[in-house]
Amino acid sequence: MDEEFRSLVDRVRGESGGSAAYERLIATVDQGELAAVLIEPERPLWAREIAAFRLGVAGDRRAFESLILLLNHRDPERCVTAAYALAKLGDPRTARAAAALATNELRTAYALHPVRLLTALRAPESVPALIKTLRPLLSPHNPYGRVATACIEGLGELGDKQAVEVLNEALAHPRLARSAAWALRRIQAGRGR
């Protein structure tokens, strides 16, 4: 059992009440049974999360829609689990969906994990989406400093020169200046892609 799965099962044990259904979802090796959980009516969220996670890390694309919904959940722990499984899933739709979530200005409060996922994916959509997400966060008194920092760190990791302009703008913001300087040094040193 990998660490992310162990964390998931420990977290949802309380929600499930340690039920027989919980034990079955943890133990089954039948991907068809797991996929059925995702579409059966009245299944609790914890059951859908276990099934989607297990299918996702196994590379079963039937988990994609459920994992994207979980990536956009208000509970950060569910977002972390979904991002991990989506990174393992290998579905070509993932980067486009993560970019749509990250750049939705109405959902900026929930953009942290889509931003981190875009960095991990290193997809063609990643740099443009991180730049688009970061720009509005450079306004004074923006409450989403963690999201802005994650964008900056992601751009530094990806090392694409397209990010230089927005990172130079970020240098003017005291809370972001250190991260922006680090990201610019990485890009200038050619340490990204």
Side-chain angles (χ1 to χ4, degrees), residues 1-102 104 106-123 126 129-130 133 143-154 157-158 179:
M1 185 183 299
D2 84 5
E3 189 59 38
E4 287 297 326
F5 186 52
R6 186 183 334 277
S7 175
L8 167 62
V9 298
D10 289 347
R11 178 171 49 80
V12 301
R13 182 177 287 118
E15 286 180 57
S16 73
S19 66
Y22 163 83
E23 297 296 337
R24 175 112 181 117
L25 285 173
I26 291 170
T28 188
V29 294
D30 182 349
Q31 290 185 350
E33 181 179 348
L34 292 169
V37 170
L38 299 179
I39 58 172
E40 288 173 0
E42 298 182 27
R43 280 291 193 149
L45 183 57
W46 62 262
R48 292 180 195 281
E49 184 178 7
I50 291 172
F53 179 89
R54 296 206 51 216
L55 289 168
V57 297
D60 189 320
R61 292 186 179 172
R62 291 177 287 185
F64 175 76
E65 287 84 4
S66 295
L67 289 171
I68 291 298
L69 289 172
L70 289 165
L71 181 65
N72 195 31
H73 199 275
R74 68 183 174 272
D75 179 352
E77 291 177 325
R78 287 200 155 95
C79 298
V80 169
T81 301
Y84 178 85
L86 282 163
K88 299 280 187 189
L89 179 60
D91 190 304
R93 300 171 292 175
T94 300
R96 193 169 44 254
L101 293 175
N104 181 345
L106 299 175
R107 303 283 297 166
T108 302
Y110 305 102
L112 181 63
H113 299 290
V115 162
R116 289 180 175 162
L117 178 58
L118 284 165
T119 302
L121 293 173
R122 300 176 97 62
S126 296
L130 294 180
T133 303
Y144 305 114
R146 289 183 64 207
V147 176
T149 300
C151 288
I152 291 167
E153 290 171 352
E157 285 292 322
L158 296 170
S179 296

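In plain terms, the two heavy atoms of Ser19 and Trp46 that are nearest each other are OG-CH2, 3.8 Å. The two atoms that bring Ala87 and Leu121 nearest to each other are CA-CD2, 4.3 Å, heavy atoms only. Nearest heavy-atom pair, Pro114 versus Leu101, reported as atom, atom and distance to 0.1 Å: CG-CB, 3.9 Å. The minimum heavy-atom distance linking Ala83 with Leu71 is given by the pair CB-CD1, 3.9 Å. Considering every non-hydrogen atom in both Ala150 and Leu112, the closest pair reads CB-CD1, 3.5 Å. Closest approach of Val147 and Ala111 over heavy atoms only: CG1-CB, 4.0 Å.
Between the Ser126 side chain and the Thr119 main chain, no donor and acceptor come within less than 3.5 Å of each other. Looking only at distances, no side-chain donor or acceptor of Ser16 sits under 3.5 Å from a matching main-chain atom of Tyr22. In this structure a side-chain-to-backbone donor-acceptor pair under 3.5 Å is missing from Ser7 to Glu3. The backbone N or O of Leu38 lies less than 3.5 Å from a partner atom in the side chain of Arg48, making a donor-acceptor pair. Judged by distance alone, with hydrogens and angles left aside, the side-chain atoms of Arg122 form a donor-acceptor pair with the main-chain N or O of Glu157 at under 3.5 Å.
Looking at residues two or more places apart in sequence or on another chain, you find a side chain to side chain donor-acceptor pair (under 3.5 Å) between Arg24 and Glu33. Tyr84 is linked by a ring-ring contact (aromatic ring centres under 6.0 Å, His included) to Phe53, counting only residues two or more places apart in sequence or in another chain.
Residues Val80 and His113 have side chains in contact (heavy-atom distance under 4.5 Å, counting atoms from C-beta outward).
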Pair Phe64-Leu89, side-chain contact (heavy atoms from CB on, under 4.5 Å): steps then yes or no: CA-CA 8 Å; Phe64 175 76; Leu89 179 60; 4.1 Å; yes
Stepwise side-chain contact (heavy atoms from CB on, under 4.5 Å) test for Leu86 and Ile68: CA-CA 8 Å; Leu86 282 163; Ile68 291 298; 3.8 Å; yes
Stepwise side-chain contact (heavy atoms from CB on, under 4.5 Å) test for Leu70 and Leu45: CA-CA 9 Å; Leu70 289 165; Leu45 183 57; 3.9 Å; yes
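The existence of a salt bridge linking Arg146 and Glu153 is excluded, since no basic side-chain nitrogen approaches an acidic carboxylate oxygen closer than 4.0 Å. Using a cut-off of 4.0 Å between Lys/Arg side-chain N and Asp/Glu carboxylate O, Glu49 and Arg11 are scored as salt-bridged.
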Would you tabulate the side-chain donor-acceptor contacts of residues 54-63 under 3.5 Å, counting partners in other chains and residues two or more places apart, or write 'none'?
unit_1: Arg54; atom_1: NH1; unit_2: Leu25; atom_2: O; d: 2.7
unit_1: Arg54; atom_1: NH1; unit_2: Ile26; atom_2: O; d: 3.3
unit_1: Arg54; atom_1: NH1; unit_2: Thr28; atom_2: O; d: 2.6
unit_1: Arg54; atom_1: NH2; unit_2: Thr28; atom_2: O; d: 2.7
unit_1: Asp60; atom_1: OD1; unit_2: Arg62; atom_2: N; d: 2.9
unit_1: Asp60; atom_1: OD1; unit_2: Arg62; atom_2: NE; d: 3.0
unit_1: Asp60; atom_1: OD2; unit_2: Arg62; atom_2: NE; d: 3.2
unit_1: Asp60; atom_1: OD2; unit_2: Arg62; atom_2: NH2; d: 2.6
unit_1: Arg61; atom_1: NH2; unit_2: Gly90; atom_2: O; d: 3.2

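Between atom CG of residue Asn104 and atom CG of residue Asn72 there is a gap of 8.0 Å, rounded to the nearest 0.5 Å. Distance check: Glu65 CD to Asp91 CG gives 8.0 Å after rounding to the nearest 0.5 Å.
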